[in-house]
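Order of the sequence lines sets the chain letters (A, B, ...), proteins ahead of strands, with each chain counted from 1.
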Amino acid sequence: MAGTGKSKKRLNAARELTQVVADYYLECQQAHDQGKPVGWMPPMNGVIEVFYAMDLQPVFPENWSPVCAAFGLTPGNFEVSEGMGYSRDLCGYLRNIVGYVYSDMHAAHVPLGGLPEPDLLISFGGGCIPAMKIFQILEQRFPSSRIFSADLPQVAVEDIRDHHIRYAVSEIHRLIDFLTRATGKKMDYDRLEEAVILSDKACALWDEIMSYRRFIPTPISAAEIGIMFVMVTRQGTQVAVDFLTKVRDEVRQRANDGIGVLEDEQVRLFWDNIPLWYNMGLFNAFEHMGGVFVAETYSAAWSLRLDTSNPLEALAMKSLMSYSLVSCLSIRRRKEMVLKACRDYAIDGAVFHQNKSCVPITIGQTDIRRALLKELDIPSITIDADHMDARNFSHAQFQTRADAFMEMLLEKKRDRGRPGV
Amino acid sequence: MVHEQHMVPFTEAAFHRTERLRNTAASGKKIIGYFCTYTPIELIHASGFLPVRIWGEQVRVEQAYTLVPNFICPYMRQSLERAMAGEYDFLSGLVQGYTCDIACGLFNVWKENIPLELFHSLPLPYNDTEDSRLFFREGVQELLDKLSGIGGCFSEDSLEETLMIYGQIREHLLALDVMRSTRRFAFGAEAFAAMLRAGFFLDPLEYLGMLADLKEALEEKEKSPAEGIPVILSGSLIENSPVLALIEELGGVIVSDDLCDGMRNASPAYGTGATPTERLLDRYMRRLPCPARARPSSRASLLLDQVRTSRARGVVFVFQKFCSPHLADYPSVSETLKKKGFPSILIELDEEGVMDGQIRTRLETFFSMLED
Ligand code: SF4
Ligand code: SF4
């Protein structure tokens, strides 16, 4: 049934993703078994390239949460963390990962072999509170791991000044020193440059893939957003570039051949906020009425073109911008970004996921919705849900609202006398 | 002999707060609002403006829900409600030292919806290194430039004076807190909170005078220690919540606190360094931390010290509902306390400000357990 469970994918390359994901987690386990230092870190920063350039293994506990959601592990993890006293009002990523690390991390039912234990914890002050707190809790769970507290100016994208960049660069230097001392591995600056170039290539490919969403009908929808996995975990590697090249080729082909996600595309939709990882099928929930999710805010934060001539500064900029771009740190910039996407992709209507688990992305949605209506005459709805906790989502309520919204959008299009764009 | 009259200036000031602030603004003095005590308000004052902490305080939220979801802390919902109703029309600007996601988000919601001359969010370092202090200093300079853009006239000399005033205020507050833990603060928890609250909107010089008078009067008082089971409050903002009265009614006596609008920002009173700016930075780097800026482990040990020094028997955690920094630290901090023999209880404050039967029953059980 549309709208529950897994999403319906149309790209062949997206099917290969399962292998890419499995390979990555296998690599993490093998690294651990072979004595290669494993470091856990938050995503959305420039640490990953540093890790690959120093031959260290990066692991992203936040990214593990969608995996848990997809494999149905989340309720059990919540039970553990909530039993420890972690409130249901806290971000589901935090409750999930805490529950996971405080239960049997490698039990038989844990998919992909689970996460290898960390030798290094790159604790974090620079994103949201839950992301910082996750690492502080992990420090207590893994007391023998070496800890680095990363510091990053929390500043809106439009307010970034030289001194913010200078500080971010000095923090990356401090990180490299720490990693050298903690692991005995040396930074290979040629490899770093290479990693930054590969990251930038991945971003360029990503942007190109997204650009085919301009086509009507769109050859790729939000249901394929899982391909973002490589943007999170594989930046700075050839794996990401190879995989995205395949995706790009396929999407380009589909666009040129006029093959859409839907044969009869009627309404083009935009999604704001994190997907419901336990219910990716939601992205197909509008399809029976000709509605397709063409674009989403969330993916933009992972694609930032880098100035490869200055790797450290490029990574500093990436660190400064990625969280800011999608969160309430920069409502104005986010608004501009959403308006631009809705214009570029000829969006008819937007769905705002009011996400109980992620306040930083939810705050500001009203301002964006108002601007969409006022400046582009694009109507929107809000749905109450949660990107991790299924208990905060009512499917029946959602479907009723979604259908009513679609009817309204279809009618609006009919009134304008241009069905199907 | 101390009379209620010594508290009157504080309660009176609170009663006429809005009117007073409107008069101040009308007299030509600019008023700059802030949310968190990590905002270096000394820079605002030394620029010739009056810093005022935005309050929420038990107002029914309606309009604000058109801009924000209902799962953010009531403090921020309520203050936005007041702003939308025009209650903060005396403000010229809003300056915020970066702390939590909600404060940052609401800063931006204000920026989009409440017309003010100046909005500035100041990113703060988490680490204390040479580079981080340099970064902090550069951020301070950026803020000063913005303040001067709306007519501020800052100098190191004016900052020196401001630091003295705020330093003395903090010294008085620390002394009054000691009186509280030795049970010599005569007026109970609500009065103590009212005394602290006045410091968020009064001209600091006037406030300093009021504190000095109060302290003197209390020092002269003959000793009749307050009865009750000693506890510490720890958490986010408490504002004028009825929870204070409820704790006392149930036999508790609050001997100290680690609250956002309590004593957390009072220590240390001064920073060290060669110049006034250095001293300002130093104090902010070394102040007692809020969970948005520190690890649960370090907060747990600071809280333990405080419990021991004030001879409290347990801790009442009082959080604004949905307050992630505090909620995330709570399991680990309360566990540490428990291991050291100090029980605790968690109360979450929602918008209505009413203490429902369930909270009362839980607190009753908690205090009867502490009594044994
Ligand atoms: S950004 Fe949102 S989803 Fe991510 S950790 Fe923070 S609160 Fe959770
Ligand atoms: S720290 Fe807590 S109470 Fe304070 S603004 Fe943030 S969420 Fe609200």
Side-chain angles (χ1 to χ4, degrees), chain A residues 81 84-87 89-91 94 98 123-130 132-134 136-137 139-140 149-156 159 161-164 166-168 170-171 173-174 327-332 334-335 354-356 358-367 370-371 382 384, chain B residues 65-73 76 98-102 104-109 111-113 120-132 134-139 141-142 291-298 319 321-332 334-335 346 348:
Chain A
S81 53
M84 291 168 72
Y86 289 96
S87 162
D89 290 331
L90 285 163
C91 166
L94 183 147
V98 171
S123 107
F124 196 53
C128 67
I129 293 286
M132 173 172 81
K133 290 293 167 192
I134 285 173
Q136 294 174 352
I137 298 165
E139 288 170 9
Q140 295 180 329
S149 302
D151 204 337
L152 252 191
Q154 285 148 311
V155 61
D159 294 334
R161 301 282 174 272
D162 286 349
H163 69 274
H164 302 128
R166 269 201 301 277
Y167 185 49
S170 80
E171 280 294 284
H173 279 299
R174 204 167 63 81
S327 70
C328 58
L329 200 48
S330 198
I331 294 180
R332 208 163 275 183
R334 204 168 107 209
K335 183 160 69 184
Q354 183 164 276
N355 185 351
K356 170 90 197 303
C358 183
V359 184
I361 301 187
T362 299
I363 293 180
Q365 284 181 325
T366 323
D367 290 292
R370 259 196 332 221
T382 291
D384 293 308
Chain B
Y65 288 137
T66 60
L67 293 179
V68 292
N70 61 5
F71 47 83
I72 61 168
C73 69
M76 283 294 175
Y98 194 101
T99 45
C100 80
D101 307 329
I102 315 287
C104 158
L106 268 283
F107 168 86
N108 278 311
V109 170
K111 190 170 165 183
E112 295 302 303
N113 296 283
H120 187 72
S121 171
L122 175 69
L124 303 167
Y126 291 85
N127 295 323
D128 191 357
T129 62
E130 222 175 280
D131 281 343
S132 60
L134 174 67
F135 159 69
F136 195 0
R137 202 175 313 131
E138 289 171 316
Q141 191 51 53
E142 194 186 345
R293 317 275 330 154
R295 291 182 156 73
S297 49
S298 53
F319 301 164
K321 192 159 167 57
F322 305 112
C323 174
S324 304
H326 282 280
L327 286 172
D329 276 10
Y330 166 73
S332 147
S334 60
E335 187 60 29
L346 168 58
E348 288 181 81

Exercise for review: Apply salt bridge (Lys or Arg N to Asp or Glu O under 4.0 Å) to B:E112 and list each qualifying residue two or more places apart in sequence or on a separate chain.
Suggested key: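 Once residues adjacent in sequence are excluded, the partners of B:E112 under the salt bridge (Lys or Arg N to Asp or Glu O under 4.0 Å) criterion are A:R332, A:K335.
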Point to revise | salt bridge (Lys or Arg N to Asp or Glu O under 4.0 Å) partners of A:R174, counting only residues at least two apart | key: A:E171
Chain B contacts, top residue of [options] (heavy-atom pairs, under 4.5 Å):
{"options": "A:D162, A:D159, A:L90", "answer": "A:L90"}
{"options": "A:T362, A:T382, A:V155", "answer": "A:T362"}
{"options": "A:P360, A:S149, A:S123", "answer": "A:S149"}

Measure [X] against the heavy atoms of chain A and call it side chain, backbone, both or neither at under 4.5 Å.
{"X": "B:L122", "value": "neither"}
{"X": "B:T99", "value": "backbone"}
{"X": "B:I72", "value": "side chain"}
{"X": "B:Y98", "value": "side chain"}
{"X": "B:K321", "value": "side chain"}
{"X": "B:E142", "value": "side chain"}

Which atoms of [X] approach chain B - backbone, side chain, both or neither, heavy atom under 4.5 Å:
{"X": "A:L329", "answer": "both"}
{"X": "A:E139", "answer": "side chain"}
{"X": "A:I137", "answer": "side chain"}

Check your understanding: B:N70 versus B:F322: any side-chain heavy-atom pair under 4.5 Å?
Key ->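 SC-SC contact between B:N70 and B:F322 ruled out.
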Check your understanding: Which of parallel (below 30°), tilted (30 to 60°) and perpendicular (above 60°) describes B:F135 and A:H163?
Key ->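 It falls in the tilted class, 30° to 60°.
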Practice item. Determine the interplanar angle of the B:H326 and B:F319 rings, folded into 0 to 90°, and report it as parallel if under 30°, tilted if 30 to 60°, perpendicular if over 60°. Key: tilted
Review point. Under 4.0 Å between a Lys/Arg side-chain N and an Asp/Glu carboxylate O for A:K356 and A:D384?
Key: no
